[in-house]
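Here, residue 1 is the first one in the sequence, and each next residue gets the next number.
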Amino acid sequence: MTKHRITVARGDGIGPEIMQATLDILGAAGAPLDYDFIEVGEALYKEGITSGVPDSAWDTLRSNTCFLKGPITTPQGKGFKSVNVTIRKTLNLYANVRPVKSYYPFVADSHPSINLVVVRENEEDLYAGIEHRQTQEVAQVLKLITRPGTERIVRYAFEYARAYGRKKVTCMTKDNIMKLADGTFHQVFDEIAVEYPEIENDHMIIDIGAAKLAAKPEMLDVVVSLNLYGDILSDIAAEVGGSVGLAGSANIGNRVSMFEAVHGSAPDIAGQDLANPSGLLQGAAMMLVHLGEGEIAERIMNAWLKTLEDGVHTGDIFREGSSKERVGCKAFAQAIIDRLGQAPSQLESVAFGGAGIQIDVNRVTPQKKDLVGVDVFLDWDEVGRDPNALGKALSEQAGPDFELRLITNRGVKVYPDGMPETFCTDHWRCRFRIVNDGTGDNDQIVGLLQRLGASGLDAVKTENLYQFDGQPGYSLGQGE
Ligand code: NAI
């Protein structure tokens, strides 16, 4: 049998204990794995490596396709980077996958009917980390949503549903407000959904979707969403599942993928043989399925379910009355090993099909792109902040190429025909359209900016206005 070589980091706090328990179970179940151990996290931070990942670890991380990671303590304070974020971004781990399932009544705090998977886009959106302070009063962050990034995560969600026998994929966005950014995500979802006719699909606005996840999780099966919403949804799901100590997660990339527990390093119980290894074991099971070793993952997870069902519980899930035996981390692992080959009688057994999901992304078919104007953002703080005075000054500088269409403040139209009640900051978006609804070029914009600068106006940023195949590639202002 060919063995898979994987990278392992034991992690900090309870990491070494739960990793040992997990490796013991993997070994007893006959998982065909060889390990390369690396050290990342706290010890490295102490040596002054602010990323928590030494140079020597990267070669190992890149040469093996899977990384099983114990939880890492992230030092508080400036300068330290989270190991998770560093690895996720560096290795292009685009999909964060977090299944949450109820083990009620054996795990008492779990919502009786939750059984869903959150598939979160992991690299884009507001997490691209592009932020600017532009005026005394205004800071901005760029929300970047790309077509290939969206296509990859949405395809992953459908492929996951297919591989794991899931029935429905629900997309959650806020495209009633962000028609272009979230609209792209929703549109790509609709395009891809038709390629999976056997899987039901629907879309929910994120606010009601999150509320449904909290109150009626049985409505949901696979949920796919943008990075920020997915981050929040994953935590709601873990909470509703009542089992932060039980959930695992996968960070999937096209070459390398990382598997771990959802929880942190739990320094309060470290070194006391109290930790529940189930979250990391779930991560390890996801890794086995990813490696095409679904049968071994099934063997392990069914023995684990039987252990829960038999009431053999670590302290975090032990409840007088429903639990039978309170055990430590080592004894819990042994209880699972003793039950390998058995299946639960009341909880549903698991069955995993499929292997590692590889997603290829199509190149976007180019559309005709025409420059039709520019939004110039101004830092302008004249006494009274009168939009009509600004409108007059800008119209005088528009020149022969442009006409001033509108001015907005925080997205609200204040010129022409603004309302005196609208609160204005020092940050103004001024929309110039090429005259006669025509098209233009960058030189004309440079000319406009020079005229504005010469008249003492402070342009802090511009956004070109493009039409793609004749459709505006920008949000329209009121009355446009
Ligand atoms: P935590 O998840 O480590 O602990 C929260 C609570 O849950 C604690 O009371 C802990 O004892 C308990 N708990 C967690 N896992 C458990 C388990 N397996 N068995 C039994 N009880 C368990 O969260 P906290 O305290 O906010 O973070 C501690 C450290 O972990 C921080 O440095 C944080 O940055 C880091 N962290 C790392 C993560 C990772 O590496 N993926 C994820 C989350 C936090």
For Phe67 and Leu91: C-alpha separation, side-chain torsions, deciding distance, then whether side chain to side chain contact (heavy atoms under 4.5 Å, CB included) applies. CA-CA 11 Å; Phe67 177 30; Leu91 297 179; 5.9 Å; no

Trace of the side chain to side chain contact (heavy atoms under 4.5 Å, CB included) decision for Leu220 with Met204: CA-CA 11 Å; Leu220 300 165; Met204 284 186 186; 4.1 Å; yes

CG of Leu406 to CG of Leu404, rounded to nearest 0.5 Å, is 7.5 Å

When you compare the side chain of Asn201 with that of Cys171, does any pair of heavy atoms fall below 4.5 Å? no

If I take atom SG from residue Cys66 and atom CG from residue Leu61, how far apart are they, to the nearest 0.5 angstrom? 11.5 Å

Rounded to the nearest 0.5 Å, how far apart are CG of Asn96 and CD of Glu121? 10.0 Å

Looking at every heavy atom in both Val262 and Ser249, which two are closest together, and how far apart are they? CG2-CB, 4.1 Å

Asp360 CG: over 12 foreign heavy atoms closer than 6.0 Å: no

Gap between atom SG of Cys430 and atom CG of Leu457 - 0.5 Å precision: 8.0 Å

Heavy-atom closest pair, residues Val169 and Ala161: CG2-CB, 3.9 Å

For a 4.5 angstrom cut-off between non-hydrogen side-chain atoms, does Gln282 reach Lys101? no

Look at atom CG of Asp34 and say whether more than 12 heavy atoms of other residues, nucleotides or ligands are closer to it than 6.0 Å. yes

In Glu218, Glu348, Arg166, the residue satisfying side chain to side chain donor-acceptor pair (under 3.5 Å) with Asn115 is Arg166

In terms of heavy-atom contacts, Asp125 and Ile145 come closest through CA-CD1, 3.9 Å

Measure across Pro344 and Leu305 and return the closest heavy-atom pair with its distance rounded to 0.1 Å. CG-CB, 3.7 Å

Check: Glu124 side chain, Thr146 main-chain N or O, donor-acceptor pair, under 3.5 Å: yes

Would a 4.5 Å heavy-atom cut-off, applied to side chains only, mark Tyr229 and Met172 as touching? no

Salt-bridge contact Asp379-Arg133 (side-chain N to carboxylate O under 4.0 Å): no

Ile25 and Trp304: CA distance, side-chain angles, deciding distance, side chain to side chain contact (heavy atoms under 4.5 Å, CB included) verdict: CA-CA 10 Å; Ile25 297 165; Trp304 175 76; over 6 Å; no

Decide yes or no for Phe423 and Arg410: does some side-chain heavy atom of the first lie under 4.5 Å from some side-chain heavy atom of the second? yes

Are the side chains of His263 and Pro71 in contact, using a 4.5 Å heavy-atom criterion? yes

Give the intermediate values and the outcome of side chain to side chain contact (heavy atoms under 4.5 Å, CB included) for residues Ile445 and Asn442. CA-CA 5 Å; Ile445 294 175; Asn442 279 316; 4.0 Å; yes

Salt bridge flag under 4.0 Å for residues Arg155 and Glu159: no

Would the distance check show the side chain of Asp12 and the main-chain N or O of Ser265 forming a donor-acceptor pair, the cut-off being under 3.5 Å? no

Is there side-chain contact between Val118 and Val100, with at least one heavy-atom pair below 4.5 Å? no

Got a second to check how far Ile252's CD1 is from Met286's CE, nearest 0.5 Å? 6.5 Å

Trp380 backbone acceptor or donor facing Asp426 side chain under 3.5 Å: no

Say whether, by atom type as modelled, one donor and one acceptor occur between the side chain of Lys216 and the main chain of Leu213 under 3.5 angstrom. no

Got a donor-acceptor contact below 3.5 angstrom from the Gln140 side chain to the Leu142 backbone? no

Check: Ile359 main-chain N/O paired with Asn254 side-chain donor or acceptor under 3.5 Å: yes

Looking at Asp375 and Glu463, would you say the former's side chain and the latter's main chain have a donor-acceptor pair under 3.5 Å? no

For the CD1 atom of Ile49 and the CG atom of Asp55, what is their distance to the nearest 0.5 Å? 7.0 Å

Donor-acceptor contact present, side-chain Asn409 to main-chain Thr425, <3.5 Å: yes

Residue Glu403 excluded, over 12 heavy atoms near CD under 6.0 Å: yes

With sequence neighbours left out, which residue pairs that include part of residues 201-212 fulfil the salt bridge (charged side-chain N to carboxylate O under 4.0 Å, His left out) condition? Lys168-Asp202, Lys174-Asp207

Shortest non-hydrogen contact from Leu144 toward Ala128: CD1-CB, 4.4 Å

Correct closest heavy-atom pair for Gly283 and Phe259 would be O-CB, 3.5 Å

Are there more than 12 heavy atoms of other residues, nucleotides or ligands under 6.0 Å from atom OH of Tyr35? yes

With a 4.5 Å cut-off on side-chain heavy atoms, are Glu260 and Asn251 touching? yes

Less than 6.0 angstrom from the centroid, inside 45 degrees of the normal: does Arg405 satisfy that with respect to the ring of Tyr474? no

Can you say whether the rings of His186 and His203 are parallel (under 30°), tilted (30 to 60°) or perpendicular (over 60°)? parallel

Under 3.5 Å, is there a donor-acceptor pair between the side chain of Asn436 and the main chain of Gly438? no

Within a 6.0 Å radius of atom NZ on Lys461, are there more than 12 heavy atoms belonging to other residues, nucleotides or ligands? yes

Please confirm whether the backbone N or O of Thr60 pairs with a side-chain atom of Ser63, one donor and one acceptor, at under 3.5 Å? yes

Leu126 and Asn227, any side-chain heavy atoms less than 4.5 Å apart: no

Name of the residue among Phe189, Tyr160, Phe158 meeting ring pair (Phe, Tyr, Trp, His ring centres under 6.0 Å) with Tyr196: Phe158

Quick one about Ser82 and Asn84 (side-chain donor to acceptor, distance below 3.5 Å, no hydrogens or angles considered), yes or no? no

